[in-house]
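Per chain, numbering begins at 1; letters A, B, ... match sequence-line order.
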4 protein chains.
Amino acid sequence: MNRTKASPSLRRGRPVNAEARAERRQQILDAAHRCFVRRGFHASSTAEISSEAGISVAGLYQYFPTKQDLVTALIQHELEADLALIQQLDRAADLLEGLQQVAMAVVRDSRTPQAAHLRLEILAEAARDAGTAKVFLAAERRINRALSRVIRKGQEQGSIDRDLDPMAVAEHINAFLDGAFSRLTLPITDPEAFVRGSIELIRRALSAKS
Amino acid sequence: MNRTKASPSLRRGRPVNAEARAERRQQILDAAHRCFVRRGFHASSTAEISSEAGISVAGLYQYFPTKQDLVTALIQHELEADLALIQQLDRAADLLEGLQQVAMAVVRDSRTPQAAHLRLEILAEAARDAGTAKVFLAAERRINRALSRVIRKGQEQGSIDRDLDPMAVAEHINAFLDGAFSRLTLPITDPEAFVRGSIELIRRALSAKS
Amino acid sequence: MNRTKASPSLRRGRPVNAEARAERRQQILDAAHRCFVRRGFHASSTAEISSEAGISVAGLYQYFPTKQDLVTALIQHELEADLALIQQLDRAADLLEGLQQVAMAVVRDSRTPQAAHLRLEILAEAARDAGTAKVFLAAERRINRALSRVIRKGQEQGSIDRDLDPMAVAEHINAFLDGAFSRLTLPITDPEAFVRGSIELIRRALSAKS
Amino acid sequence: MNRTKASPSLRRGRPVNAEARAERRQQILDAAHRCFVRRGFHASSTAEISSEAGISVAGLYQYFPTKQDLVTALIQHELEADLALIQQLDRAADLLEGLQQVAMAVVRDSRTPQAAHLRLEILAEAARDAGTAKVFLAAERRINRALSRVIRKGQEQGSIDRDLDPMAVAEHINAFLDGAFSRLTLPITDPEAFVRGSIELIRRALSAKS
DNA sequence: GATGAATGAGGCTTCATTCAT
DNA sequence: CATGAATGAAGCCTCATTCAT
């Protein structure tokens with residue numbers, strides 16, 4: 001009866017296959033990523049995802065008790081990747097320079113249209129589902145805080161207008177970038193030029209008046 | 001030549017009631033709007049939509065031969081409403097003033113969160129489906145042209161920097177506004193302040209340097 | 001209330017549009033024929049049939065109160081055509097010669113595969129539905145009687161064995177021909193040779209022993 | 001090379017129970033058989049079939065991914081049974097004697113009207129659907145080859161005319177028997193006498209001239 | 001008489017999920 | 001732990017049929 005849960009205290013060290021488990025979990029998340037990017041959250045079936053992950057459907061349910069849980073986990077995973085991206089800006093001397101560099105790297109990445117699509121799916125899911133909205137806003141706050149730190153640095157250097165409220169500006173830039181990003185899902189003529197223009201407008205908006 | 005259409009007065013049987021048909025069609029689109037806003041395109045079933053429209057499922061299919069057709073029609077309808085919104089700017093003396101006014105009116109409208117959600121669904125659907133992307137881009141071009149006209153007016157008045165390319169700026173503003181708009185689907189503290197901030201940043205980006 | 005049926009005695013001669021009605025009816029039967037041949041009875045929808053007939057669906061229901069009625073009418077029509085075919089044999093001097101001629105004419109007709117398909121649909125429908133079976137057997141009896149007359153003529157001429165029972169032979173030939181006919185629906189190599197062989201075997205079966 | 005299939009004993013999870021699967025599959029085919037005989041292929045719904053098989057509709061789809069696949073499988077199953085029937089003739093010393101015996105056994109079997117009905121459904125489906133036609137013709141060829149072997153044996157014994165082409169005769173007999181068989185779906189007076197007459201005619205057609 | 005408009009019932013198929021092995 | 005097997009509920013769509021015009 002209590003065999004499966006028997007005396008965890010008797011197990012020394014970390015559970016035997018925690019590593020393999022985490023690996024499998026990631027494998028599923030990757031497969032889900034590919035599926036969601038291809039067809040969206042709702043149009044991707046558990047069968048499709050598990051097949052893409054090279055696992056049985058029932059197996060999937062041992063890692064995510066619900067499809068919604070899988071969706072949520074993937075969203076969280078994705079949002080963390082976004083945070084990592086923003087944190088790259090910290091390394092750049094100048095916010096706008098850094099933004100430019102990161103943005104150009106992103107726009108040149110062939111996987112960006114898919115990433116942009118996924119971002120839209122996430123925004124839409126947050127609009128539909130209050131739970132997702134909460135998760136999204138929590139991640140958003142961390143990102144904005146990171147971004148505002150870089151902005152403040154820019155203000156100290158003088159490249160960004162000191163009158164601007166760093167946190168508010170962070171929120172707006174974030175939103176703006178989402179808008180610009182959403183265009184990268186579409187077959188537009190010159191994505192690179194488009195992104196360059198976006199960055200340039202942001203620069204104009206933030207730069208200290210003479 | 002006109003044999004098949006000759007003498008419509010001779011047409012036997014019950015005449016087509018174009019008016020009632022158009023009305024019913026709109027009634028369905030309205031119901032679909034409500035459903036799509038509530039749950040998104042894919043999670044809304046034809047049963048749900050037709051029930052909301054006060055019609056049978058089979059009846060729905062006399063107006064839209066496919067669920068995707070209904071989705072597309074609704075998207076087109078929505079995009080046209082967006083165009084109308086942009087055209088309101090023409091009436092304002094100044095682009096930025098006009099933008100401010102329209103934006104404030106929008107943010108105060110209680111239906112805006114839903115409209116914003118629908119906008120996200122449309123963007124996501126465009127990312128998924130090439131046909132929708134085409135429809136979207138076509139509408140986008142019309143909107144951008146209208147917006148660029150207003151921008152040019154601003155440049156002539158001197159309120160907008162003459163070095164900026166009106167069409168490119170229109171594209172970016174449009175994208176930026178989408179990003180800002182997407183935040184209105186979320187339970188943020190002060191939407192009005194947020195939008196005001198967005199407009200202010202756009203003003204800074206566009207305004208002629210002293 | 002009794003307007004539609006009002007005083008038929010007051011109408012002189014035949015009802016006003018009996019002719020037009022019969023024409024329309026035939027027009028529908030022809031359309032149904034084309035549809036049934038293409039997809040069978042059950043897979044052909046009233047919408048498809050009426051569209052093929054250039055009429056509204058509701059219009060169809062004024063001529064055939066039920067789809068099954070239409071099917072039955074078409075079966076009857078088809079069976080009568082079969083009877084007419086058999087009666088052509090009467091004109092030939094010799095049964096086997098006549099059979100040969102009719103069969104060759106049939107096998108060379110490009111519409112024969114379709115006719116053969118329809119014949120199979122009719123047989124299958126008769127196997128499913130007792131009502132159709134009755135209709136079918138009634139027509140069969142008339143055909144067999146006609147055929148047996150020709151056979152008797154052949155016996156009198158000496159070309160057919162006098163020991164054979166004309167009616168029984170008619171039944172068997174009829175069934176045999178159905179079997180041979182059913183092969184003409186399939187993409188076989190040389191239909192004409194096949195039919196020739198069939199007739200030849202029948203000839204051997206019937207011919208008087210030396 | 002055999003990496004993916006390596007060491008089946010290492011396969012994790014519940015092992016496939018091939019036996020139970022085959023049994024269930026047959027159980028479904030039997031149920032489908034009953035339904036198809038009752039109402040034909042197109043009028044039998046998946047709900048009806050699965051209910052008759054004591055399985056859920058979704059369960060049905062684990063064994064046959066499509067209704068058409070089920071139909072095709074059943075057709076194939078049926079055609080193989082026909083082949084087995086023909087192969088019984090091999091055991092008889094004389095073709096015509098054997099034919100007589102098999103035919104009498106068939107006509108006395110109470111399930112024959114149903115089998116005959118199914119045969120008609122198959123022929124009709126082959127006329128409708130090119131894929132089925134191909135399957136049908138392939139089976140037909142095997143049957144004809146088996147039949148022609150028996151015929152050749154008859155020719156060697158002298159009971160069958162040596163001038164006849166065994167393969168051609170096989171084709172015709174097969175077709176003729178289909179025609180005769182089709183009559184067994186109908187409420188005719190004396191099926192046994194009818195079949196006896198059919199065999200007698202075939203005997204006359206094949207027997208060596210004195 | 002003929003058509004447009006509407007609909008309940010039902011068709012095939014897929015889904016997320018469970019459970020014994 | 002992982003899989004095979006099963007399923008109720010639901011999804012989209014089509015059908016034969018009716019009825020007001």
Side-chain angles (χ1 to χ4, degrees), chain A residues 4 15-17 20-21 24 42-50 54-70, chain B residues 10-18 20-21 24 42-50 54-68 70, chain C residues 4 15-17 20-21 24 42-50 55-70, chain D residues 10-18 20-21 24 42-50 54-70:
Chain A
T4 58
V16 187
N17 275 340
R21 229 189 129 68
R24 262 271 212 238
H42 283 318
S44 300
S45 68
T46 53
E48 195 181 346
I49 296 167
S50 54
I55 210 181
S56 71
V57 181
L60 187 141
Y61 274 80
Q62 288 199 325
Y63 292 85
F64 301 95
T66 277
K67 190 190 170 188
Q68 183 61 45
D69 287 336
L70 172 55
Chain B
L10 281 189
R11 234 182 161 51
R12 323 292 173 83
R14 180 174 171 177
V16 188
N17 188 341
R21 252 195 108 72
R24 211 109 161 97
H42 285 347
S44 300
S45 70
T46 53
E48 196 180 347
I49 295 167
S50 54
I55 209 179
S56 70
V57 179
L60 184 84
Y61 275 81
Q62 285 206 332
Y63 290 86
F64 299 95
T66 279
K67 191 193 169 186
Q68 182 63 45
L70 173 55
Chain C
T4 58
V16 187
N17 275 340
R21 231 189 127 70
R24 263 279 212 232
H42 283 320
S44 300
S45 68
T46 54
E48 195 181 347
I49 296 167
S50 53
I55 210 180
S56 71
V57 181
L60 187 140
Y61 275 80
Q62 288 199 325
Y63 291 87
F64 301 96
T66 278
K67 190 192 170 187
Q68 182 62 44
D69 287 336
L70 172 56
Chain D
L10 281 189
R11 234 184 159 48
R12 324 288 175 84
R14 179 174 171 179
V16 188
N17 186 342
R21 252 196 107 73
R24 211 108 159 92
H42 286 347
S44 300
S45 70
T46 53
E48 196 180 347
I49 296 167
S50 54
I55 209 180
S56 70
V57 180
L60 184 83
Y61 275 80
Q62 286 205 332
Y63 291 86
F64 299 95
T66 278
K67 190 193 170 186
Q68 182 63 44
D69 285 337
L70 172 55

Taking every non-hydrogen atom, the tightest pair across A:Ala43 and B:His42: CB-CD2, 4.2 Å
Residue pair D:Asn17 / D:Ala20: nearest heavy atoms and the distance that separates them: OD1-N, 3.1 Å
Non-neighbouring partners of D:Ala58 that pass side chain to side chain contact (heavy atoms under 4.5 Å, CB included), sequence neighbours left out: D:Ser56
With sequence neighbours excluded, residues passing side chain to side chain contact (heavy atoms under 4.5 Å, CB included) with D:Ser45: D:Ala47, D:Glu48
Strand contacts (DNA chain F) in residues 58-69 of chain C, 4.0 angstrom heavy-atom criterion: C:Ala58, C:Tyr61, C:Thr66, C:Lys67
Sugar-phosphate, base or nothing in reach of A:Arg21, heavy atoms under 4.0 Å: nothing
Which residue lies more 5' along DNA chain F, comparing D:Val16 with B:His42 via nearest heavy atoms: D:Val16
5' priority, DNA chain E, between D:Pro15 and A:Val57 [closest heavy atom]: A:Val57
Euclidean distance, D:Asp69 CG relative to D:Leu60 CG, rounded to 0.5 Å: 10.5 Å
Comparing D:Arg14 and B:Ala43 on DNA chain F - which has the more 5′ nearest nucleotide: D:Arg14
Contiguous Watson-Crick or G-U pair runs (3 or more, under 3.5 Å) in DNA chain F: E:2-21 with F:2-21
Least distance between heavy atoms, B:Lys67 atom then B:Ser44 atom: NZ-O, 2.7 Å
Sugar-phosphate only, base, or nothing, as touched by B:Ser44 at under 4.0 Å among non-hydrogen atoms: sugar-phosphate
Non-neighbouring partners of C:Arg21 that pass side chain to side chain contact (heavy atoms under 4.5 Å, CB included), sequence neighbours left out: C:Tyr63
Phosphate OP1/OP2 of E:dA2: any C:Ser56 side-chain N/O under 4.0 Å: no
Outermost nucleotides of DNA chain F that come under 4.0 Å of a non-hydrogen atom of chain B: F:dG11 to F:dT21
Sugar-phosphate only, base, or nothing, as touched by B:Ser45 at under 4.0 Å among non-hydrogen atoms: sugar-phosphate
Contacts of D:Gln68 that satisfy side chain to side chain contact (heavy atoms under 4.5 Å, CB included) - sequence neighbours left out: D:Thr66, D:Val71, D:Thr72, D:Glu125, D:Asp129, D:Thr132
